[in-house]
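The structure under discussion appears below in the form of structure tokens.
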Amino acid sequence: MTAGSSSAPGQSPAPAPARTPKGMHDVLWPESARWEAVVARFADLVGSAGYGLTVTPILEHAGVFLRGIGEGSEVVGKEMYVFEDRDGQLMALRPEGTAPIARAFVQHHPVPPWKAWYVAPSFRHENPQQGRYRQHHQLGVEALGPSDADLDVEVVSLAHDFFAGLGLREVTLKLHSMGDGVCKPGYVALLGAFLAERADQLCPAHRARHLENPLRVLDCKTSECRAATADAPRFLDHLCDACAAHFARVRSGLDALGVVYTIDHRLVRGFDYYTRTTFEFSSDALGSAQNGIGGGGRYDGMVELLGGPPTPGIGFGLGIERILLACDAEGAFPVDPTPLDAFVVDTTGGTAARDLTAALRDAGFSADRAFDDRSMKAQFKAADRSGARWVLVVGPDEAASGTVSLRPLRDAGDQRTVPVADVVAAVRAATRPGAFPDAP
RNA sequence: GUGGGCGUAGCUCAGUUGGUUAGAGCGCCAGGUUGUGGUCCUGGAGGUCGGGGGUUCGAGACCCCUCGCUCACCCCA
């Protein structure tokens, strides 16, 4: 790599490398164009459903996550970036998007229903692999206030519609319910008792730890745990009446909107805060084990945990990196870089390039130019690379006669020369579909 | 946190049982083209062979350590 930095002999052993931290990546042009497009699509979709952009700090007091999500969760307990700042306060880099939105709700007490969307980086200190990074980016929505099952339907179908809009076809939606304060404890106890009876049949990891969080055993992928829990009691059979009615309404709503899903009795999401509806989107096009491209659910107790009034809420987070991987795998959502309208080639070393690009941009065209007074050939190569549709040439002849030559780079057509005063009008005519300057 | 694979030009990669000045394609720069890119031809620049230590007369190749990338477990977007 580019070592570059010179360290005095006997000084610090390893010069600071000019590279991103492990598991973190730069997104450079033109790849970043797909990011822009994905985010723009999302903003448009959820914006039209009444959600407003909400920007929260990357850093929160660690307590927001410790209390909101729970120290028991893997992400908060083992993977969160936590540190003491210069004031001695315990801070954390956001590991997920929901808790900060709930915190903002508590802090600003907006009038419910409060519908927020966000695009934000998330940080988790884990070992990177395909589709898993220490910094990744999530698109999400959170809706706080209503406990109405129709809101669950809206939120789930928004994510569904978003994936469909990108052209992703191999997306699976799994749906489940985690109950509420009334029925969850009873079910967890029931499941715990069931597991205790056959603890010796569980995989080694859960043989010792199944009592800590019985729900997690359902999610275990080992054949031992799968077999041992094959006829474990199902949460959906033990929901209280209110939760059962809620879930039934969610299902009928999704059915009515044509959103296809499968019930997954093992769907146990990683954060402690979930209640009632939970869901997960995965891409069957991704060969990797990291095929989850989005997930979410209801969290009716979190706002209260953070010190706010009892307020139901539901939302989801979608991973941009994984969505892009899924798009690659399916050949979906191709994004072409937006071409420039014009590129100015000026070999006179004068002010033509400066003035022409400024005039074009003022007139609403996209325009670029070469710098450092390079050769005609070099400037044309730069123009070609830029993808510009037209080149405006100013050489000694044009400079002497007060004209500019227009040459099409991407379409057929001949080069024309026009007076400087007419350049903007000529470009305007030329960039009209199928048009050519001075065409009869 | 654990385990496997891999680190040679900007990119993708060759590099024979360790043996002189480390190669190719693409990209970049210049010229062929006395003004004009995308094709073609010629030439050029660009590498402390990830870093450190060791073995050897001699290491890009072998050994150790380290850093990083990658895949997987765990967990998750």
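All values derive from a computational prediction rather than experimental measurement. Naming convention: chains lettered A, B, ... in sequence-line order (proteins, then strands); numbering from 1 in each chain.
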Between [M] and [N], how far apart are the [atom1] atoms? Round to whole Å, please.
N: B:C29; M: B:A22; atom1: C1'; value: 22 Å
N: B:U42; M: B:U70; atom1: P; value: 38 Å
N: B:G10; M: B:A72; atom1: P; value: 29 Å
N: B:U39; M: B:C76; atom1: C1'; value: 50 Å
N: B:A59; M: B:G51; atom1: C1'; value: 16 Å
N: B:U56; M: B:C11; atom1: P; value: 36 Å
N: B:G25; M: B:A14; atom1: P; value: 16 Å
N: B:G46; M: B:C26; atom1: C1'; value: 14 Å

With a 3.5 Å limit on both atom pairs, tell me what [N] is paired to, counting Watson-Crick and G-U wobble, or say none.
N: B:C76; value: none
N: B:G25; value: B:C11
N: B:U55; value: none
N: B:G31; value: B:C41
N: B:C6; value: B:G68

For [N], does either OP1 or OP2 sit under 4.0 Å from a side-chain N or O belonging to [X]?
X: A:Arg132; N: B:C71; result: no
X: A:Gln129; N: B:C73; result: yes
X: A:Gln138; N: B:A77; result: no

**Study point:** Pair of N/O donor and acceptor under 3.5 Å linking B:C76 base with A:Arg322 side chain
**Key:** yes

Check your understanding: Would you say the side chain of A:Gln135 and the base of B:A77 hold a donor-acceptor pair, judged only by whether the two atoms sit under 3.5 Å apart?
Key ->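 No.
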
Check the distance between [N]'s [atom2] and [X]'s [atom1] and give it to me in whole angstrom.
X: A:Glu79; N: B:C73; atom1: CD; atom2: C1'; answer: 13 Å
X: A:Asn291; N: B:A77; atom1: CG; atom2: P; answer: 12 Å
X: A:Arg134; N: B:C75; atom1: CZ; atom2: P; answer: 18 Å
X: A:Leu215; N: B:C76; atom1: CG; atom2: C1'; answer: 17 Å
X: A:Glu74; N: B:C73; atom1: CD; atom2: P; answer: 14 Å
X: A:Glu321; N: B:U70; atom1: CD; atom2: P; answer: 13 Å
X: A:His125; N: B:C74; atom1: NE2; atom2: P; answer: 19 Å
X: A:Tyr273; N: B:C76; atom1: OH; atom2: C1'; answer: 11 Å

Point to revise | Ring-face cation of A:Arg369 near A:Phe371 (centre distance under 6.0 Å, axis angle within 45°) | key: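 Cation-pi check for A:Arg369 and A:Phe371: passes.
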
**Study point:** Geometric cation-pi criterion, A:Arg198 with A:Phe194: 6.0 Å, 45°
**Key:**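 Yes, A:Arg198 sits over the ring of A:Phe194.
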
For [X], report the nucleic acid contact type (base, sugar-phosphate, nothing); a contact means any heavy atom under 4.0 Å.
X: A:Gln290; answer: base
X: A:Lys78; answer: nothing
X: A:Phe123; answer: nothing
X: A:Tyr133; answer: base
X: A:Gly140; answer: nothing
X: A:Gly23; answer: sugar-phosphate

State, yes or no, whether a side-chain contact exists between [X] and [Y] at a heavy-atom distance under 4.5 Å.
X: A:Leu236; Y: A:Phe247; result: yes
X: A:Glu96; Y: A:Phe271; result: yes
X: A:Tyr187; Y: A:Met178; result: no

Review point. Do the side-chain N and O atoms of A:Arg266 and A:Thr229 include a donor-acceptor pair separated by under 3.5 angstrom?
Key: yes

Check your understanding: With a centroid cutoff of 5.5 Å and a plane-angle limit of 30°, would you call A:His136 stacked on B:A77?
Key ->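 One would call A:His136 stacked on the B:A77 base.
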
Practice item. With sequence neighbours left out, write down each residue that passes side chain to side chain donor-acceptor pair (under 3.5 Å) with A:Thr403, or none if nothing qualifies. Key: A:Ser401

Review point. Hey, do the aromatic rings of A:Phe42 and A:Phe162 have their centres closer than 6.0 Å?
Key: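 Yes - the distance between ring centres of A:Phe42 and A:Phe162 falls below the 6.0 Å cut-off.
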
Review point. Does the ring centre of A:Tyr133 sit less than 6.0 Å away from the ring centre of A:His25?
Key: yes

Study note, to complete from the structure: Each nucleotide of nucleotides 29-37 of chain B classed B (base within 4.0 Å of a protein heavy atom), S (only sugar-phosphate) or -, in 5' to 3' order, makes SSBB--BBB

Study note, to complete from the structure: Between A:Lys22 and A:Tyr274, whichever has its closest RNA chain B nucleotide further toward 5' is A:Lys22

Practice item. Answer yes when A:Glu60 and A:Arg103 have at least one side-chain N-carboxylate O distance shorter than 4.0 Å, and no when they do not. Key: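 Here A:Glu60 pairs with A:Arg103 in a salt bridge, since their nearest N and O are under 4.0 Å apart.
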
